[in-house]
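These notes concern the structure reproduced below.
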There are 2 protein chains.
Amino acid sequence: MLILGYQHFFCDLEEKLKALDKFQNLITFISQYVDFTGNDLKSIYDKVEIIQLKKNRIFIDEGEIAEKLAFTNKGYLRVYYNFDGEEITRDITPLHTFATALPSFVSQKPSFEVISAITDCELLIIHRNDLEFLYSNYPKWERLGRRIIEEMFVESQRRIYSFITETAETRYKKLLKQYPDMIRDVPLKYIADFLGIKLQSLSRLRKTIEW
Amino acid sequence: MLILGYQHFFCDLEEKLKALDKFQNLITFISQYVDFTGNDLKSIYDKVEIIQLKKNRIFIDEGEIAEKLAFTNKGYLRVYYNFDGEEITRDITPLHTFATALPSFVSQKPSFEVISAITDCELLIIHRNDLEFLYSNYPKWERLGRRIIEEMFVESQRRIYSFITETAETRYKKLLKQYPDMIRDVPLKYIADFLGIKLQSLSRLRKTIEW
DNA sequence: AAGTTTATTTAACAATTGTTAAATGGTTAT
DNA sequence: ATAACCATTTAACAATTGTTAAATAAACTT
């Protein structure tokens, strides 16, 4: 009995260490924004769930109320919506960033956006209620939330500049440069959507590029 | 002396009442996001400065570190940057919203963006230090900041969808519908930039539109 | 391995938007 | 009022991107 207990403790610890290891990317990410001590971080360990999401599986579906926020530990997610019977991909999440159907997440209305896995993904999930709890009880978490969304907004504005000032070719080249792995792992139809052009146009453009 | 004192008190009060009146739009705006009591609001009255910015005057200049956040009480601001000797307008702020050169404001590095007045403007200004003070000392303000930036992010994503899925004509029509006043007060060259097309293309498009 | 599905490319033609240059219209300053 | 400046339109032509349809390539199933 004692030994079993010990055994259990041991396994538990091992599992926790393994989990902590999986939090490394998340910790690195949030440390850019707020100075967290080990103690601050503890407040989140219990609340984060680690899930594996297989390729093409849906993380948040159309019509669903978004209750989950994901941090992409491995793999690529995409955000799209159904438009005229077609899927329009608005975003491909780079590794080690947050993703959710934000309009639904903040308004708690049914989502028009779908989030699904482009490749097999490992996601760190935090539920909205837990996040709200953290926000309400730890000012540092609220600050973190604000800082992260500020950065996301700035990045979003950068993308708008790119639509205004750059040709599709330039946008593609810059994407290649910024996320070389993405092209390897993400089908071109999603890349094309992301760039705001048709798949065939992207294909033509790839052929004529001079390096 | 007594009378002078009384006079002064009277003027001061009147001025304060007048100022409060000017806060109405701001109060309405922030009340969408957080429930504020009169007391909560007091924490900001002293910190807000009301300025008049004449047409074409610059609010935040290139190279400057953005220290000010503006709420547009009257008039339109635009956000642009100098690209190849040309000014590229990324944003035209609708009435009663916040505007600053956010990349500079959050990073405290020199701004590549310029913010200037398209029309005569009345702006409610809050300084970054004061805002940081509010954020640090009143959780409600931090929450407000997060909620507002979340909304701005969602709006920004909507605009990215419009670049991906809509033609310039559709974008123009929707802009007209959403902000009918804007077209009256804002030169078309800025509208064209905002839509991501050239002035001449916008002009051609306006001619051929069927209503 | 053969067959099925999905991803990507190719090509011809259409539509949209950019480019250059000039004309017209409207405002502002002297 | 005239001149000077800025805003908008027009037009011809160029470049980019969309559309449709098909061919090829690659990945997945049985």
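Quick note on labels: first sequence line is chain A, next is B, and so on, each numbered from 1.
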Atom pairs, protein N/O to nucleotides 5-7 of chain D N/O, distance under 3.5 Å:
from   : atom 1 : to        : atom 2 : distance (Å)
dA7(D) : OP1    : Lys189(B) : NZ     : 3.4
dA7(D) : OP2    : Lys189(B) : NZ     : 2.6

Next item on the list: Inspect the contact between Arg78(A) and Glu113(A) and indicate whether a charged nitrogen and a carboxylate oxygen are less than 4.0 angstrom apart.
Entry: no
Checklist line | Side-chain ion pair, Glu155(B) and Arg159(B), N-O less than 4.0 Å | finding: no
[atom1] of [X] versus [atom2] of [N]: gap in Å, rounded?
X	N	atom1	atom2	result
Lys207(B)	dG25(C)	NZ	C1'	16 Å
Arg204(A)	dA15(C)	CZ	C1'	12 Å
Leu202(A)	dA7(C)	CG	P	14 Å
Glu166(A)	dT17(C)	CD	C1'	17 Å
Asp193(A)	dA7(C)	CG	P	13 Å
Gln200(B)	dT8(D)	CD	P	12 Å
Arg206(A)	dA11(C)	CZ	C1'	18 Å
Leu195(A)	dT8(C)	CG	P	13 Å

Next item on the list: Classify the side-chain pair Arg204(A)/Ser201(A) by whether it contains a donor and acceptor separated by less than 3.5 Å.
Entry: yes
Notebook entry, point to check: Does the side chain of Glu62(B) pick up a donor-acceptor pair with the side chain of Asn82(B) at under 3.5 Å?
Noted result: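 Asn82(B) and Glu62(B) do have a side-chain donor-acceptor pair below 3.5 Å.
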Check: Relative to the 5' end of DNA chain C, which residue comes earlier, Lys55(B) or Leu205(B), by the nucleotide with the nearest heavy atom?
Finding: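 With Lys55(B) and Leu205(B) compared, the 5'-side residue is Leu205(B).
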Taking the ring of [Y] and the ring of [X], is the distance between their centroids below 6.0 Å?
X	Y	answer
Tyr161(A)	Tyr81(B)	yes
Phe163(B)	Phe163(A)	yes
Trp141(B)	Phe133(B)	no

Checklist line | CG-CD1 distance between Asn73(A) and Ile50(A), expressed to the nearest 0.5 angstrom | finding: 7.0 Å
Check: How long is the gap from NZ on Lys109(B) to OG on Ser104(B), to the nearest 0.5 Å?
Finding: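 The OG atom of Ser104(B) is 10.0 Å from NZ of Lys109(B), to the nearest 0.5 Å.
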Check: So, is Thr167(B) close to the dT16(C) phosphate, meaning a side-chain N or O under 4.0 Å from OP1 or OP2?
Finding: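 No, because none of the side-chain N or O atoms of Thr167(B) sits under 4.0 Å from OP1 or OP2 of dT16(C).
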Notebook entry, point to check: So what is the end-to-end bend of the helix from dA1(C)-dT30(D) to dT30(C)-dA1(D), with 5 pairs used at each end and the value given to 10 degrees?
Noted result: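 The two end axes of the helix from dA1(C)-dT30(D) to dT30(C)-dA1(D) meet at 40°.
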Notebook entry, point to check: From the list dT19(C), dT10(C), dT8(D), which nucleotide is the closest neighbour of the side chain of Ser201(B)?
Noted result: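 Shortest atom-to-atom distance from the side chain points to dT19(C).
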Notebook entry, point to check: Of all the choices, dT9(C), dG18(C), dT10(D), which nucleotide is nearest to the side chain of Lys198(B) once you look at every atom?
Noted result: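 Between dT9(C), dG18(C), dT10(D), the one nearest the side chain of Lys198(B) would be dG18(C).
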